[in-house]
J.: 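Could you have a look at this structure, given as structure tokens, before my questions?
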Amino acid sequence: MSGSPETRYTETPVLSLHHWTPKLLSFRVERPRAFRFTPGQFARLGLDSADGAPVWRAYSMVSAVWDEHLEFLSILVPGGKFTSQLAQIQPDARIRIEKTATGFFTTDRFVDGTDLWLLATGTGLAPYLSILQDPAVWQRFERIVLVHCVQVWDELAYRSEIATLAQHPLWAEHAHKLRYQPVTTRDDHADALHARIPELLRTCALERALGVPLSPETSRLMICGNPTMVQDTHRQLMQMGYRLSRLSAPGQLVVENAW
Ligand SMILES: Cc1cc2nc3c(=O)[nH]c(=O)nc-3n(C[C@H](O)[C@H](O)[C@H](O)COP(=O)(O)OP(=O)(O)OC[C@H]3O[C@@H](n4cnc5c(N)ncnc54)[C@H](O)[C@@H]3O)c2cc1C
């Protein structure tokens, strides 16, 4: 990226923080007035690390494009250079943010298809929360499936927000389109499925649970999460006849590693 650091980023105050679990934090910052993004994109955030050197990390926006704030969902990694500092932050602290959002993890990568599948592990949920606040997405797709896989039930952040999301007046007439499927791999909560996403795809367990058939003709899938899950899910879907969507050759899949 060109430009001096001073012209590339700005500083913005932290407005609020919410701990979902000891290792999972949401935080809001004031949206710099000129900051624009497409749902699914990420921002680069900067803090001073313990040794005083600036450290920058990518964070997907959770918030809607029109919100006055920007919201982010963060893992807190023990000893992590960035998140060790983030864990100590308080409202009114200032955080650096690059002025331009980045990324191609957006629904406009799909030129056709009727059903949108949003597959996430952990903080890979973040970009979908922004995508699900885009009225165009609710209009365009006939069915929208959100699958969130975590280890234990308490890590299903935004569960109650997701339950009420579809009632937003801007897209409430399409509320029937959304299906949400929690998945936990280390507990046996009755409302969740209990296997990794690639396995749930291979055995058709997701299709059965959601009542939505998967097919390369109609289904368009986004995959965001830990790199092993992204790789294994991508491989599984390739075996089922799906291909990555490229500018020169539109397909059925777009993927993003969450780190
Ligand atoms: C495009 C993109 C978007 C991202 N969006 C988000 C986001 O919305 N929320 C978020 O928390 N992180 C996100 N990340 C990861 C984020 O940039 C940092 O890696 C993370 O905040 C940890 O920073 P750290 O310096 O504390 O640790 P790092 O040194 O960056 O990471 C240390 C280790 O922590 C683990 N780790 C890193 N990130 C995660 C994670 N998200 N979930 C589980 N384990 C992780 C990995 O094992 C990694 O090797 C994104 C990364 C990319 C590339």
Side-chain angles (χ1 to χ4, degrees), residues 1 9 12 14 17-29 31 35 37-65 67 69-89 93 95-98 100-107 109 118-133 146 148-152 154-158 161-162 183-186 196-197 222-234 244 253-259:
M1 188 179 293
Y9 74 80
T12 190
V14 173
L17 305 154
H18 176 79
H19 282 272
W20 300 96
T21 72
K23 285 190 182 169
L24 205 53
L25 169 76
S26 288
F27 59 100
R28 287 184 177 183
V29 302
R31 180 165 61 83
F35 189 89
F37 65 98
T38 302
Q41 286 192 310
F42 62 90
R44 283 187 210 283
L45 303 182
L47 287 171
D48 285 339
S49 63
D51 58 14
V55 50
W56 290 89
R57 289 292 182 266
Y59 274 90
S60 303
M61 268 69 73
V62 164
S63 31
V65 292
D67 282 330
H69 59 265
L70 295 173
E71 183 161 329
F72 302 98
L73 169 66
S74 183
I75 192 78
L76 297 177
V77 184
K81 220 171 176 184
F82 185 90
T83 56
S84 299
Q85 302 308 306
L86 186 66
Q88 297 171 33
I89 216 158
I95 195 161
R96 297 179 197 110
I97 179 166
E98 280 190 355
T100 311
T102 321
F104 301 99
F105 193 66
T106 51
T107 55
R109 299 276 301 280
L118 307 171
L119 308 179
T121 56
T123 60
L125 176 71
Y128 301 146
L129 295 168
S130 185
I131 286 170
L132 285 169
Q133 296 177 82
L146 174 63
H148 190 199
C149 179
V150 295
Q151 293 184 339
V152 295
D154 284 351
E155 293 168 354
L156 290 165
Y158 292 97
E161 287 78 1
I162 292 165
V183 180
T184 58
T185 53
R186 294 202 187 163
R196 294 180 66 238
I197 288 176
M222 304 183 80
I223 310 169
C224 185
N226 76 67
T228 308
M229 169 275 199
V230 171
Q231 190 181 28
D232 293 351
T233 305
H234 181 191
L244 277 183
L253 304 177
V254 297
V255 303
E256 181 130 284
N257 286 321
W259 67 85

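Order of appearance sets the numbers: ligands from 1, and atoms from 1 within every ligand.
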J.: Indicate the ring-plane relationship of H18 and W20, choosing parallel, tilted or perpendicular according to the 30° and 60° boundaries.
T.: perpendicular
J.: About how many Å separate CZ of R196 and OG1 of T228, when rounded to the nearest 0.5 Å?
T.: 7.0 Å
J.: Looking at every non-hydrogen atom in both residues, tell me the closest pair between F42 and A58 and how far apart they are.
T.: CD1-CB, 3.6 Å
J.: Please tell me whether F82 and Y59 form a close aromatic pair, meaning their ring centres lie under 6.0 Å apart.
T.: yes
J.: Under the salt bridge (charged side-chain N to carboxylate O under 4.0 Å, His left out) definition, can you give me all pairs with a residue in residues 51-65, not counting sequence neighbours?
T.: none
J.: What I want to find out is whether K23 reaches D154 closely enough, with some N-O distance under 4.0 Å, to be called a salt bridge.
T.: no
J.: Name the residues in contact with ligand 1, where contact means a heavy atom under 4.0 Å away: which are they?
T.: F42, R57, A58, Y59, S60, L73, S74, I75, V77, G80, K81, F82, T83, T123, A126, E256, N257, A258, W259
